[in-house]
Structure formats: C-alpha cells, structure tokens
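This chain uses plain numbering: 1 for the first residue, then up along the sequence.
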Amino acid sequence: MSTRTRIAFLKGHGTENDFVIVPDPENAVDLPPAAVAALCDRRAGIGGDGLLHVVRSAAHPEARGMAAEAEWFMDYRNGDGSVAEMCGNGVRVFARHLQRAGYADEGDVLVATRAGVKSVHIAKDGDITVGMGRARLPEGDVTVSVGERSWPARNVNMGNPHAVAFVEDLAHAGNLYAPPPFSPASAYPDGVNVEFVADRGPRHVALRVHERGSGETRSCGTGACAVAVAAARRDGADPAVTGSPVTYTVDVPGGTLVITERPDGEIEMTGPAVIVAEGEIDADWLETFVR
C-alpha cells in the first residue's frame, strides 16, 4: 500500500446490514484481519457489520476456479476480520456496487462466493433477488440458550451455519452482545449464526440474529433464508413434498426480506440494496494494521 496514499471505499447496506466496500479488481490491497476489523470499527474506523472486498475472480486464489462462470468474487469478511463463506445481504449490496460502477446492468449477473457462484437479478424497481442455493438440514438435536431460557433449534446450513429457535417474544433473545450458548458443541465446530424467530402471521415471521463474528446485526440474509426453511418444515410446507413453492415474509430489525423456496430446493431472497457514500481510506492509517 505504500505506493498509494488513498484507497477507494464505499459504504452500503441491505435492510440496514451495513458494509464497507473496497473495490480492488486486481487484488492489490492487503486486508489482514486487523485491518478489516479497524475499518469496520464504528468509532475508530468507517463502521460496518462486515467488509465486501470486490475482486475479479481471476485475480483471487480462492476464486480462480470460478472465473470462467463469474467475473467478480465477493471476498467477504466479518466485522471482526474473520473470513465468512457467504452473506446474503452482502451479495445484494455487492451487485448494487457492480451496477453503480458500470460492471453490471439491470438483469442477471453471477457473483462468485466462498459458498459457490450465486445468481443475482437486478430488477428495474430497485430490489435485488439472489439465488441462495439449497439449504442443508444436518441431523441431530440442537439447543440454544439465553440466561435461564433454552430452546430447541433447527440446524440449517446455507453455505454457512445457522441455529433457528422459535420463541414467543423476540425480547427473550436478550442483548445478543455475546454469542448465545449452544449444545452440543460438535454441531458447530466453527461457531454459528443464531436466529430467534417469532410468528407475525400466516407465512410471516420476524427475527433477531447474532451473527458469528459480528454480534447482533440489523439483518442477515442467509439467516432469513434459514428461518424461512425452518418455518416451512415446522408448518408442514416443505416444497419438495407439496410440489409447490412456498414464500415467507421475514421481518428483520432493518426492514423486510421475501424468501421463496422452490420444489427443487432452490431458495431466492429478494430485498433492497443501497449505496450511501463513497470516499477514500488513508493508506498510511491502514498500514498500521497490516504490519
């Protein structure tokens, strides 16, 4: 970074799940965990639940195998600097940046992620739909706890791990500053995103979430998908059994997402994505977190 004094960044959000965006087509910016955490710090940095490192797939060692299918790779990092497989809200914001930068138009675009290539549709009305792939439902009972309360949770994997607990009142989730304890530990050896879910009406639920590596966030796209899948199974509306797609409206603290699961198992998530600002990072400041 010493050859440059400024590094471009943008700030965006999807249902108030917010991200620092670092466009870096040739993968030239060094972003170790400490630098990412500093950028995502809401007081000493720019602030965000995570960071979207925008890299051409051919320029990133983890994505070169996907380059023939998807030109762009979402090198996603959690707010603490750790690497994550996938972020549903992040993919929508990533696609909005590609559109704004002239790399994508309205219509379909493919985005490479650590959870595979995701299909994205940018609609004329502004909403963005992401093909989130299929959910996996690992066997085994899981329990999550907050204080004296415990609930059974559904283990749902959306390319990243989720524990979905249905509760009577979202306040029962507590402050969600720390990761809610879960058992057995073997269910999630690398940690887990925990969703607490309350019913709001037919095919309509609300959630709060503790995201692994980020704490409570205003929204979690993969979490909303996991919640819709868990709710459908609870409600006897498995599309693979009924032969009909099922759609749930999922309220998150930062807005609303619409999740559809199709009979073939494919899940689509639709919601907004907004770029709110752009600017420059002082490379000398960032360099102090790289050494």
Atom [atom1] in [X], atom [atom2] in [Y]: separation rounded to 0.5 Å?
X    : Y    : atom1 : atom2 : value
L110 : S119 : CG    : OG    : 6.5 Å
H53  : N27  : NE2   : CG    : 5.0 Å
H162 : R154 : NE2   : CZ    : 14.5 Å
I122 : R92  : CD1   : CZ    : 12.0 Å

key: Candidate list I46, V36, L52, test side chain to side chain contact (heavy atoms under 4.5 Å, CB included), partner V20, passing option   =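 Exactly one option meets the side chain to side chain contact (heavy atoms under 4.5 Å, CB included) with V20, and it is I46.
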task = Let me know which of L170, V194, V167 forms a side chain to side chain contact (heavy atoms under 4.5 Å, CB included) with R208.
result =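 Of the listed residues L170, V194, V167, the side chain to side chain contact (heavy atoms under 4.5 Å, CB included) partner of R208 is L170.
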Does [X] reach the side chain of [Y], with side-chain heavy atoms less than 4.5 Å apart?
X    : Y    : value
K118 : M132 : no
Q99  : E106 : yes
V227 : V205 : yes
E16  : V274 : no
P161 : D190 : no
V54  : V22  : no
P272 : R96  : no
R42  : D18  : yes

Stepwise side chain to side chain contact (heavy atoms under 4.5 Å, CB included) check, V250 with L207 = CA-CA 7 Å; V250 182; L207 70 78; 3.6 Å; yes
Listed by chain and number, what are the ring-ring contact (aromatic ring centres under 6.0 Å, His included) partners of [X], not counting sequence neighbours?
X    : result
F289 : W285
Y248 : none
H60  : F73

Can any side-chain N or O of [X] pair as donor or acceptor with the backbone N or O of [Y] at less than 3.5 Å?
X    : Y    : value
D238 : A240 : yes
N78  : G81  : no
R100 : I275 : no
D199 : G201 : no
R136 : N157 : no
R64  : S57  : no
D235 : A237 : no

If you take all heavy atoms of [X] and [Y], which pair is closest and at what distance?
X    : Y    : value
T260 : P245 : CG2-CB, 4.2 Å
R203 : T247 : CB-O, 3.5 Å
G159 : A115 : CA-CB, 4.1 Å
I267 : C225 : CG2-SG, 3.8 Å
V55  : P25  : CG1-O, 3.8 Å
A153 : A163 : CB-CB, 4.1 Å

Hydrophobic clusters here meaning ILVMFWY residues chained together by side-chain heavy-atom distances under 4.5 Å, can you tell me if [X] and [Y] are in one?
X    : Y    : value
L257 : V246 : yes
V130 : M158 : yes
F19  : I128 : yes
I281 : L31  : yes
M74  : V109 : yes

CA sep, side-chain torsions, deciding dist, call: T129, V120, side chain to side chain contact (heavy atoms under 4.5 Å, CB included) = CA-CA 6 Å; T129 298; V120 180; over 6 Å; no
inquiry  = Enumerate the ring-ring contact (aromatic ring centres under 6.0 Å, His included) contacts for residues 184-212, please, sequence neighbours excluded, ordered by first and then second residue.
reply    =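 Sorted pair list: W151-F196, F182-Y188.
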ask   = Which pairs with one or both residues in residues 79-128 pass ring-ring contact (aromatic ring centres under 6.0 Å, His included), sequence neighbours excluded?
value =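 Qualifying pairs, neighbours excluded: W72-Y103.
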Pairs of donor and acceptor atoms involving the side chains of residues 137-150, under 3.5 Å and at least two apart or interchain, shall be tabulated with distances.
residue: S145; atom: OG; partner: S150; partner atom: OG; Å: 2.8
residue: R149; atom: NH2; partner: H172; partner atom: NE2; Å: 3.4

Look at [X] together with [Y] and state whether they make a salt bridge at an N to O cut-off of under 4.0 Å.
X    : Y    : answer
K11  : E278 : no
E261 : R233 : yes
E85  : R212 : yes

query = Pick one: which of N17, N89, T256 meets side-chain hydrogen bond (donor to acceptor under 3.5 Å, both in side chains) with S219?
reply =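 The single option meeting the side-chain hydrogen bond (donor to acceptor under 3.5 Å, both in side chains) with S219 is N89.
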CA sep, side-chain torsions, deciding dist, call: D127, T270, side chain to side chain donor-acceptor pair (under 3.5 Å) = CA-CA 7 Å; D127 276 352; T270 300; over 6 Å; no
message = E195 vs C220, test: side chain to side chain contact (heavy atoms under 4.5 Å, CB included). Steps then yes/no.
response = CA-CA 9 Å; E195 286 80 26; C220 177; 4.3 Å; yes
request  = Given side chain to side chain contact (heavy atoms under 4.5 Å, CB included), test M86 with R114 step by step and report yes or no.
outcome  = CA-CA 6 Å; M86 173 59 182; R114 290 186 177 86; over 6 Å; no
ask   = Is it true that the side chains of N160 and T222 contain a donor and an acceptor less than 3.5 Å apart?
value =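 Per modelled atom types, N160 and T222 side chains form a pair under 3.5 Å.
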